[in-house]
Amino acid sequence: MASLGLEEPSDESDYGGHTEHTPLEGETPANRRLRLAQNKKKAARSEHEAAHQKKVDRDCKEQATGRIPEGLGVFADGMAIKRSNWFYGGALDSHFYYLCLTNTVFVSDEAIAAKIAEEERGERYHHTSIELSKVVPRGFPMNPQQLCKLRALAQTHGKSMTVHIEAYYLMCKFQRISRNHLPAVRDRTMALVCTPEYDYIMPPLDLSSRHMNLAVMPMPEGYLCWKDQSGRPFFMLVGFDSEGVRHTFDLDQLAQNLLYFSWPGMQNSVLGIAMDNAYRIHWWTMLGHALTRGLTPAG
């Protein structure tokens, strides 16, 4: 183009282009500077509004619980329907407590306090930690945003380590429960916690630390306790023979004896019995145990 004596087209000449930096007809330098400053503010405002709207859309998406799969259970929270954290009653062990009045899961000392408040006083118990209750008001995360915040709280160190330890155990328990559900029965939050992104959750302290020990829900006073004629207390089983099983394949009797005499979840001599945290026994493993007992030589 230069060899033909032609010049490169500019933004302001050949194509009739016009930029904001081009002085307008009759515009003074002061007015031009003022116009450029106003245009810059408008562009910055538009960019800020676009970023804010993007953040709002993202937050709305992360706060949405999504569809609750059929069979997972629901809880009426005012006019809203939320996922039930009861999980059929067999998902929580003795370190946790589910408060049915508020659909909230508590852990450790908070679990004991919630149980006492509900059973003895009929009251709704709330987290003593404002920091934890702001992140997960229901104990378990109900949407992806709460899940992300709960993990951040579990992996940080603050003045009160109790809050971070409780957040860690709530996170781990929710992940374990979610992985025990089939993919078709998981909601958005349960599906997210099962992704590789959440494969490893760093504890706030070393797991061998005494601070990581959780309080255990106490047994009810007088549980299976009776008194003989002299008034001395003793423990016995109610409703079935505690001396043994009359028939090798009386699975109901055998299962009841195992539950009461074998200390499930603690050191015992029973192997191969599968049960959940509510002590519901898998029937085929019970049959296998009975077959083993029947085929084992006496003595």
Side-chain angles (χ1 to χ4, degrees), residues 60-78 80-108 110-111 114-115 127 132-133 135-155 165-203 207 214 216-217 255 259 264-265 272-288:
C60 290
K61 183 179 180 180
E62 292 179 351
Q63 292 174 5
T65 57
R67 185 184 68 88
I68 301 176
E70 185 176 356
L72 191 58
V74 295
F75 179 84
D77 188 4
I81 300 298
K82 303 292 185 180
R83 181 199 68 230
S84 173
N85 288 327
W86 175 233
F87 291 113
Y88 316 108
L92 300 177
D93 54 39
S94 57
H95 301 292
F96 298 82
Y97 184 72
Y98 172 77
L99 186 62
C100 60
L101 295 174
T102 59
N103 191 38
T104 307
V105 177
F106 298 90
V107 61
S108 194
E110 295 278 321
K115 178 180 175 65
H127 281 290
L132 184 61
S133 61
V135 174
V136 279
R138 300 296 173 232
F140 282 161
M142 305 299 290
N143 56 55
Q145 186 182 66
Q146 290 184 8
L147 178 66
C148 182
K149 291 182 177 180
L150 182 63
R151 180 177 63 172
L153 183 62
Q155 296 181 342
I165 292 172
E166 290 182 357
Y168 171 75
Y169 281 112
L170 285 170
M171 183 81 184
C172 292
K173 176 58 67 174
F174 179 72
Q175 184 183 62
R176 190 174 296 112
I177 292 173
S178 300
R179 288 179 173 176
N180 288 338
H181 283 72
L182 295 174
V185 197
R186 298 172 185 163
D187 64 1
R188 291 185 64 216
T189 313
M190 296 171 67
L192 180 60
V193 81
C194 295
T195 59
E197 180 184 355
Y198 289 86
D199 277 349
Y200 178 71
I201 305 171
M202 182 183 299
L207 292 177
L214 295 177
V216 180
M217 197 72 61
L259 287 175
I273 302 295
M275 64 178 67
D276 61 15
N277 291 315
Y279 303 120
R280 295 181 295 191
I281 296 179
H282 189 276
W283 209 237
W284 288 112
T285 63
M286 193 71 254
L287 177 61

Exercise for review: Check step by step if side-chain contact (heavy atoms from CB on, under 4.5 Å) holds for T104 and V136.
Suggested key: CA-CA 9 Å; T104 307; V136 279; over 6 Å; no
Quick one: does any side-chain atom of [X] pair with a main-chain N or O of [Y] as donor and acceptor, under 3.5 Å?
X	Y	value
E110	F106	no
R188	P144	no
N103	N85	yes
R186	S178	yes
T285	I273	no
Q175	V193	yes

Exercise for review: Assess whether side-chain contact (heavy atoms from CB on, under 4.5 Å) is satisfied between Y168 and I165, documenting all intermediate values.
Suggested key: CA-CA 5 Å; Y168 171 75; I165 292 172; 5.6 Å; no
Flag side-chain contact, heavy atom, 4.5 Å: [X] against [Y]:
X	Y	result
I201	Q155	yes
V105	F174	no
L92	Y97	no
L132	L150	yes
Y198	C148	yes
D187	M142	no

Taking all heavy atoms of [X] and all of [Y], pick out the closest pair and write down the distance.
X	Y	result
L99	A114	CD1-O, 4.2 Å
Q146	P141	OE1-CA, 3.7 Å
M190	V185	CE-O, 4.3 Å

Review point. Parallel, tilted or perpendicular: which fits the ring planes of H181 and F87, with parallel below 30° and perpendicular above 60°?
Key: perpendicular
Exercise for review: Carefully, step by step, assess M171 and L153 under the rule side-chain contact (heavy atoms from CB on, under 4.5 Å).
Suggested key: CA-CA 10 Å; M171 183 81 184; L153 183 62; over 6 Å; no
Practice item. Run the salt-bridge test on R151 and D199 with the 4.0 Å N-O cut-off and return the result as yes or no. Key: no
Practice item. Provide the full list of salt bridge (Lys or Arg N to Asp or Glu O under 4.0 Å) pairs with a residue in residues 69-78, sequence neighbours left out, each pair given once. Key: D77-R138
Practice item. Calculate, to the nearest 0.5 Å, the distance between atoms CD and CZ belonging to E166 and F96 respectively. Key: 9.5 Å
Check your understanding: Say you draw a straight line from CZ of F75 to CH2 of W86; how long is it, rounded to the nearest 0.5 Å?
Key -> 13.0 Å
